[in-house]
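So you know, we letter chains A, B, ... as the sequences are listed, proteins then strands, and number each from 1.
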Amino acid sequence: MTKKEEKVIEMDEKGDFEPKILGFLCNWCSYAGADLAGVSRYQYPPNVQCIRVMCSSRVDPMWILKALTDGADGVLIAGCHPGDCHYVEGNYRTRRRIAALKKILENYGLSDRVFLEWVSASEGKKFAEVITKVTNAIKELGPNPYKKRWEI
Amino acid sequence: MGSYKINKGDIQRLLENLLKRGLVEGILVQSKGEKDIFTTLITDPGLINTTAPLAPLFSSNSAKYLRNNGFKNIAVFVKPCEARAINELIKLNQIRSDNILVISADCHGTIDPKDGAISEPLTKAKRKELEGKGISLRKACTVCEHFTPPEVDISIMTIGIDEGYILVTDNDEPLEGLDLEKGEVPKGRDAEIEKMLKERSENKEKMVSEIRRKLSSVGSLTEVLKNCIRCDNCREMCPICYCKECYFETPLGDLKTDEMLYQAVIKGALRVPPDILFYHLTRNMHVASSCVECGACEEACPRDLPLLALWKAIAGDVQALFKYASGMKGDEPLPLAGFKESELEEVK
Ligand code: SF4
Ligand code: SF4
Ligand code: SF4
Ligand code: FES
């Protein structure tokens with residue numbers, strides 16, 4: 001992505017901050033939930049760029065750290081509700097990992113930029129709500145302070 | 001199962017006995033060289049008289065040297081923080097538990113071997129004497145809250161015992177032929193431990209609150225990490241960082257100039273060497289639940305980063321979250337290798 005492109009995404013016409021958020025969506029639930037949201041024509045902000053993974057537990061915490069240190073304003077991990085994971089226990093493991101990760105990030109002032117949500121394949125409406133909630137929360141927080149910092 | 005009254009010579013007799021009876025192939029233990037004391041791997045029972053098992057010195061966490069080894073059977077005589085790292089590495093399947101006999105003794109704190117070759121535990125009086133010479137404990141020891149042995153095969157108590165030491169074990173087999181006299185743990189011991197703990201916990205609290213203040217804002221965090229040169233010494237000397245192929249050595253993590261150029265485009269410029277924050281965060285994520293707060297990382301750092309304080313805060317937080325104390329027990333499941341169905345519902 002060039003600098004020019006980045007500017008386009010960061011600010012809308014009015015010059016307001018438009019966050020760039022990375023979303024990891026589980027194939028079996030949340031990704032299908034996103035699909036349903038689309039089919040049902042629920043409106044939600046376009047700020048989350050989605051990556052489909054086969055299970056929320058496939059998300060290596062390093063990916064989240066890489067995104068945040070490279071300047072993503074937020075990261076969303078969305079998977080099946082506890083008890084509904086396609087691989088039975090994947091999301092329970094995800095929950096522990098994200099809990100640990102967020103604990104660490106609290107010390108760096110970055111914890112509020114990571115979101116863990118459960119969205120099933122039938123929850124199109126909830127998907128739209130989650131995206132809206134996450135986007136608004138990040139707007140409130142402002143841009144990731146590391147976005148422009150290259151000293152570190 | 002038993003507790004025995006022993007003296008310094010008995011510890012050497014025990015080690016000698018292990019080698020002579022062929023119970024182990026070798027023993028990892030500190031020994032006296034011509035001038036220095038350092039960690040050795042001893043196989044000749046005739047050399048046991050050079051050992052200094054209780055020497056209060058620490059130059060690296062020797063759990064690191066036991067990872068993935070093909071030995072048949074060895075014994076190790078280590079500090080509590082090393083024993084805890086061994087316990088963690090056993091749970092992480094990096095050390096086998098069935099061919100290693102772990103012996104550990106109470107630790108009154110250690111000094112850097114550069115500062116002297118002392119072979120007796122640093123009791124209060126001894127510490128005073130050293131302080132007079134301007135020699136202080138290693139920073140990690142001044143804030144150490146786990147200075148008595150964790151769950152190990154044989155533990156030796158030196159704190160709060162007036163004469164000699166007390167040896168405690170669940171398995172008497174290694175002691176056979178030594179004719180040790182039964183002994184009781186004296187009542188005053190707990191109070192003594194409590195006193196030491198209080199002092200160290202206070203030191204720790206101070207250290208942690210200071211680093212937290214520095215970490216929470218971007219500017220101050222940069223201040224903490226800015227001198228890092230990514231030499232990776234902290235990773236190399238950490239007993240817990242064991243990956244055979246570290247991400248930062250793969251093509252993705254070990255950027256060549258052309259890839260750096262590509263990365264620089266994102267922010268307009270890229271610090272070289274790159275990924276300092278990412279590197280430290282990654283080590284935080286990978287090590288926090290098992291870090292034993294031994295301080296080996298900070299001591300290996302050529303740029304004086306406050307790594308110990310950082311780990312005290314981060315590992316402390318993560319282990320508290322899972323009510324886990326790394327390496328204290330031999331068989332507890334690792335926090336990130338397990339789960340409960342109903343827990344952490346507040347994580348969002
Ligand atoms: S960190 Fe604790 S156990 Fe390790 S050498 Fe220091 S006082 Fe002993
Ligand atoms: S991170 Fe540092 S203090 Fe923690 S176990 Fe590794 S070397 Fe020891
Ligand atoms: S040892 Fe120090 S300078 Fe080297 S990578 Fe670690 S923190 Fe950076
Ligand atoms: S399959 Fe959806 S979280 Fe595991």
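- Most heavy-atom pairs under 4.5 Å with chain A, from the set B:Lys340, B:His280, B:His286: that is B:Lys340.
- Neither the backbone nor the side chain of A:Pro82 comes within less than 4.5 Å of any heavy atom of chain B.
- Ranked by heavy-atom pairs under 4.5 Å with chain A, the first of B:Ala288, B:Ser342, B:Pro335 is B:Pro335.
- Residue contact with chain B, scored on non-hydrogen atoms closer than 4.5 Å, is absent for A:Leu76.
- For B:Ser290 and B:Glu88, the side-chain atoms include at least one donor-acceptor pair closer than 3.5 Å.
- Electrostatic pairing of A:Glu18 and A:Lys139 counts as a salt bridge here, judged by a charged N lying under 4.0 Å from a carboxylate O.
- Side-chain contact check for B:Ser217 and B:Ser220: at least one donor-acceptor pair (N or O, by modelled atom type) lies under 3.5 Å.
- Other residues, nucleotides and ligands contribute only 12 or fewer heavy atoms inside 6.0 Å of the OH atom of A:Tyr31.
- Proximity to chain B (any heavy atom under 4.5 Å) is shown, for A:Lys66, by both the backbone and the side chain.
- Proximity to chain A (any heavy atom under 4.5 Å) is restricted, for B:Phe322, to the side chain, taken from C-beta onward.
- Considering only heavy-atom pairs separated by less than 4.5 Å from chain B, the leading option among A:Leu116, A:Leu68, A:Ile98 is A:Leu116.
- Interface remark: B:Ile211 contributes no atoms to any contact with chain A (heavy atom separation under 4.5 Å).
- Neither the backbone nor the side chain of B:Lys214 comes within contact range of chain A; no heavy atom of the residue lies under 4.5 Å from a heavy atom of that chain.
- Between chain A and the options B:Val318, B:Leu344, B:Leu310, heavy-atom pairs under 4.5 Å are most frequent for B:Leu344.
- In this structure, chain A has heavy atoms under 4.5 Å from both the backbone and the side chain of B:Ala269.
- Here B:Lys139 does not pair with B:Glu299 in a salt bridge; the nearest charged N to carboxylate O distance is not below 4.0 Å.
- For chain A, the nearby part of B:Gln263 is the side chain; its heavy atoms alone come within less than 4.5 Å.
- Only the side chain of B:Leu321 comes within less than 4.5 Å of a heavy atom of chain A; its backbone N, CA, C and O stay farther away.
- Between A:Arg96 and B:Glu343 there is a salt bridge, since a side-chain N of the basic residue sits under 4.0 Å from a carboxylate O of the acidic one.
- Around atom CG of B:Asp258, more than 12 heavy atoms belonging to other residues, nucleotides or ligands sit under 6.0 Å away.
- For the pair B:Lys329 and B:Asp331, the salt-bridge criterion is not met [side-chain N within less than 4.0 Å of a carboxylate O].
- Between A:Pro19 and A:Asp73, the shortest heavy-atom distance links the atoms CA-OD2, 3.4 Å.
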